[in-house]
Number of protein chains: 2
Amino acid sequence: MTTPSRRNITIRDVARYAGVSTATVSRVLNGTSPVKDDLVARVEQAVTTLGYRPNAAARTLKTRKANAIGILVPDISNPYFMQIIKGIEDVMAQDYSLLMASSDESSKKEKRLLNVLSEDRIDCLVLATAGGNDEVIRAIDEKRNPVVLIDRLPDSLANRMDSVVEDNFWSAYELVHSLIRLGIQSLGIIHGPMSASTAFQRASGCMSAVRQHAPKLRVREHLGDYTAESGERAVDDFLQGESPDAIIAMNNLMAVGAISRLMKRGFVIGKDITLGSYGAIENYLLIDGSLRYVEQEPRTLGKLAGKLVQRRLRDPDAEVVSHVVKQQIVSLHR
Amino acid sequence: MTTPSRRNITIRDVARYAGVSTATVSRVLNGTSPVKDDLVARVEQAVTTLGYRPNAAARTLKTRKANAIGILVPDISNPYFMQIIKGIEDVMAQDYSLLMASSDESSKKEKRLLNVLSEDRIDCLVLATAGGNDEVIRAIDEKRNPVVLIDRLPDSLANRMDSVVEDNFWSAYELVHSLIRLGIQSLGIIHGPMSASTAFQRASGCMSAVRQHAPKLRVREHLGDYTAESGERAVDDFLQGESPDAIIAMNNLMAVGAISRLMKRGFVIGKDITLGSYGAIENYLLIDGSLRYVEQEPRTLGKLAGKLVQRRLRDPDAEVVSHVVKQQIVSLHR
DNA sequence: CTAGCAGAAGTAATCGTTTACAATACCAGG
DNA sequence: CCTGGTATTGTAAACGATTACTTCTGCTAG
């Protein structure tokens with residue numbers, strides 16, 4: 001019905017109803033200092049009968065604690081980030097609300113969201129940056145509230161704030177290396193957008209493995225943007241010429257796009273062509289064919305980030321921590 | 001670094017720096033009333049050099065507008081709800097922050113989150129309820145801020161607040177009907193948890209179709225909980241006895257579980273057994289085999305919800321709107 | 001018997017905005 | 001040159017909590 005009855009019940013109403021002062025009500029509610037049992041009872045009574053709920057804005061204004069943490073990721077519909085968020089939730093959600101936003105891999109949108117989030121509505125920001133906002137981010141971390149970087153770590157921010165990232169270089173290196181050991185002669189690599197630090201590091205890892213272990217490997221590269229569509233386009237691109245022995249996609253979504261395109265074109269994955277992916281693919285167990293991928297464990301990563309947040313909130317001056325988590329290379333067969 | 005320099009820049013600092021009153025600064029910032037050009041310039045100058053950001057809590061306290069909307073769903077990692085959120089974002093995100101939370105299909109957790117969200121931190125709540133909190137929800141809608149129900153619509157809340165739901169009964173009916181027309185003799189149905197209104201309505205639809213079109217159909221039912229694991233258990237359950245001609249799962253995740261289990265057991269979907277699902281399955285195009293499902297279009301649903309939110313915010317006393325969107329039955333073959 | 005103190009409750013200032021209201025300046029008409 | 005209006009700007013009171021500080025008990029120890 002959404003009826004009026006505007007003007008909410010305030011702590012004053014409760015105080016009046018219980019015949020005590022607002023200070024006492026506040027103390028009962030927060031347990032900040034002892035209150036006689038009978039008064040406690042009267043206050044609690046009043047709270048429930050009036051249906052009082054404290055006003056978060058007022059409390060935040062006064063205490064400078066928002067009891068919320070912000071999470072800003074490039075693509076909230078990507079299961080990878082979703083799992084990270086779940087991980088953070090695992091650790092934080094009892095005491096904090098999570099304010100989430102998605103930049104859609106756009107620096108501009110990210111900037112807008114960063115500005116909104118830094119209007120004192122959160123206590124800490126967990127951020128996987130789309131890139132291009134290093135200055136703003138640094139300013140937020142220094143002036144507003146601590147930032148914990150996840151997944152993406154631009155050089156200019158490294159060691160200036162807490163972070164949890166993967167060993168992208170190493171994992172990509174190992175992934176390519178493992179394909180090389182299979183004896184492939186040609187390889188197609190689908191890169192992510194170079195504005196993302198992960199894409200850049202993974203690309204370096206790939207190239208390094210090639211240089212070191214198979215300098216004569218015929219490599220073709222396609223610059224994607226971490227979306228499934230760009231994975232499809234990459235495959236179309238590669239299949240223009242002689243089809244490569246193997247294709248690797250530098251994130252899960254592009255791998256999905258690639259697989260779907262390959263299957264549509266009649267390839268049997270793991271037989272006609274070898275496929276590698278940085279990151280697991282949801283429901284991949286449903287597919288016939290084999291896949292080699294870097295196992296990312298985003299939920300663990302999220303938990304780590306959550307712990308860093310807690311630590312940082314507890315002690316704002318603790319020294320900066322940078323976690324670099326190592327991944328496994330996994331082979332899946334059916 | 002997270003250095004101190006605590007005490008943020010306030011509107012007072014800006015006013016002082018620009019040599020005007022706080023009222024003028026506020027007016028420049030919000031464009032609420034005309035200000036002479038030179039003052040505007042000086043204020044803007046001050047804002048940028050000082051790096052001023054308004055304090056959202058103070059503004060919310062004063063204006064009673066949080067510029068945020070809350071979204072509470074039973075499972076934020078389910079792509080279905082994720083797409084709904086995307087849809088809401090499409091419509092709302094320019095002007096509002098989205099505060100999201102997941103109840104994990106638990107009434108208790110939902111209640112806690114409802115309480116937190118209703119502490120005046122949002123202007124409107126979009127809710128897919130896990131069930132069991134009808135009273136609390138009604139109170140929030142009446143006393144705190146408007147609620148728009150999505151996906152789930154408990155009877156006791158129908159017509160009391162805005163809603164966007166699917167025609168669950170009809171869709172489930174049609175899905176079963178379409179299988180019956182294939183000439184199946186036996187059917188396994190994997191239900192969702194009856195605390196969810198959708199599960200109940202879908203179950204009714206299924207049963208009604210059976211009664212009406214194939215009263216002699218051998219039906220077996222399994223009570224799941226909308227998770228993939230429960231889909232797997234259901235298949236195990238069904239395969240204890242004589243395996244049914246067809247199995248349908250009443251949501252996407254349970255269908256994923258069922259498919260995965262069936263494939264593991266060597267069934268070729270669409271050949272050895274017919275599969276139906278309420279809701280599409282991400283990346284299903286990757287699978288060999290055919291599937292018949294109810295196409296849900298969650299993103300559209302989210303957009304509709306977003307529009308209702310906007311309308312409700314514009315006019316709190318507008319009459320209650322209930323959208324019931326119809327679905328298509330889709331057949332997918334490979 | 002009273003000073004002193006601890007415990008419990010109340011008073012009122014404060015957080016950073018917005019905005020009703022007051023004040024001021026400027027200008028035209030008489 | 002004064003009056004009344006309009007256009008800007010300023011002053012200060014809210015919004016609803018928390019909390020430093022004050023006040024008021026009642027009790028104990030000297």
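Protein chains get the first letters and strands the later ones, always in sequence-line order, with residue 1 at the start of each.
- Within the 4.5 Å cutoff, the side chain of Pro298(B) has no heavy atoms near those of the Phe81(B) side chain.
- A salt bridge is defined here as a Lys NZ or Arg NE, NH1 or NH2 lying under 4.0 Å from an Asp or Glu carboxylate O, and Asp13(B) with Arg16(B) meets this definition.
- Scanning residues 43-54 of chain B for heavy-atom distances under 4.0 Å to DNA chain C yields Tyr52(B), Arg53(B), Pro54(B).
- Residue Asn30(A) contributes atom CG, which lies 13 Å from atom C1' of dG16(D) at whole-angstrom precision.
- When distances run from any side-chain atom of Thr22(B) to the nucleotides dT11(D), dT19(D), dT18(D), the shortest one goes to dT11(D).
- Taken from OG1 in Thr129(A) to NZ in Lys111(A), the straight-line distance is 12.0 Å, to the nearest 0.5 Å.
- Pairing each heavy atom of Val164(A) with each of Leu308(A), the nearest pair is CG2-CD1, 3.6 Å.
- Comparing dG10(C), dT8(D), dT18(D) by their nearest atom to the side chain of Ala23(A) picks out dG10(C).
- At the phosphate of dG10(C), OP1 or OP2 sits under 4.0 Å from a side-chain N or O atom of Ser21(A).
- Within the nucleic acid shown, Thr24(A) comes within 4.0 Å of sugar-phosphate atoms alone, with no base atom in reach, counting heavy atoms only.
- Nucleic acid contact class of Thr63(A) (heavy atoms, under 4.0 Å, all strands): sugar-phosphate only.
- Electrostatic pairing of Arg160(B) and Asp134(B) does not count as a salt bridge here, judged by no charged N lying under 4.0 Å from a carboxylate O.
- Computed from C1' positions of five pairs at each end, the angle between the two local axes of the helix from dC1(C)-dG30(D) to dG30(C)-dC1(D) equals 60°, rounded to 10 degrees.
- To the nearest angstrom, P of dT11(C) lies 11 Å from CZ of Arg12(A).
- Distances were taken from every side-chain heavy atom of Ala58(A) (C-beta onward) to each of dG10(D), dA17(D), dT8(D); the shortest belongs to dA17(D).
- Inspection of the Thr32(A) and Asn30(A) side chains reveals no N or O donor paired with an N or O acceptor under 3.5 Å.
- Regarding Arg59(B), its CZ atom lies at a distance of 14 Å from the C1' atom of dT19(C), rounded to whole Å.
- Nucleic acid contact for Asp120(B): none, since no nucleic acid atom lies under 4.0 Å from a heavy atom of the residue.
- The nearest heavy atom of DNA chain C to Arg27(B) and to Ala57(B) marks one nucleotide each, and the one closer to the 5' end goes with Ala57(B).
- For Leu61(A), whose side chain is taken as the heavy atoms from C-beta onward, the closest listed nucleotide among dT14(C), dT19(C), dG16(C) is dG16(C).
- The nearest whole Å value for the distance from the CD1 atom in Ile9(B) to the C1' atom in dT17(C) is 16 Å.
- With rounding to whole Å, Asp38(B) atom CG is found 11 Å from dT8(D) atom C1'.
- In this structure, NZ of Lys36(A) is placed 17 Å from P of dC24(D), rounded to the nearest angstrom.
- Between Arg144(B) and Asp120(B) there is a salt bridge, with a side-chain nitrogen of the basic residue lying less than 4.0 Å from a carboxylate oxygen of the acidic one.
- The distance from atom CG of Asp13(A) to atom C1' of dA17(D) is 13 Å, rounded to the nearest whole Å.
- When atom types are taken as modelled, the side chain of Asp162(B) and the backbone of Val321(B) share a donor-acceptor pair closer than 3.5 angstrom.
- In this structure, Asn55(A) places its CG atom 6 Å from C1' of dG16(D), rounding to the nearest Å.
- To the nearest 0.5 Å, the span separating CD on Glu135(B) from CG on Leu157(B) amounts to 8.5 Å.
- In this model, no donor atom of one side chain and acceptor atom of the other lie less than 3.5 Å apart for Ser107(B) and Asn133(B).
- Nearest-nucleotide positions on DNA chain D place Pro34(B) closer to the 5' end than the other of Pro34(B) and Arg64(B).
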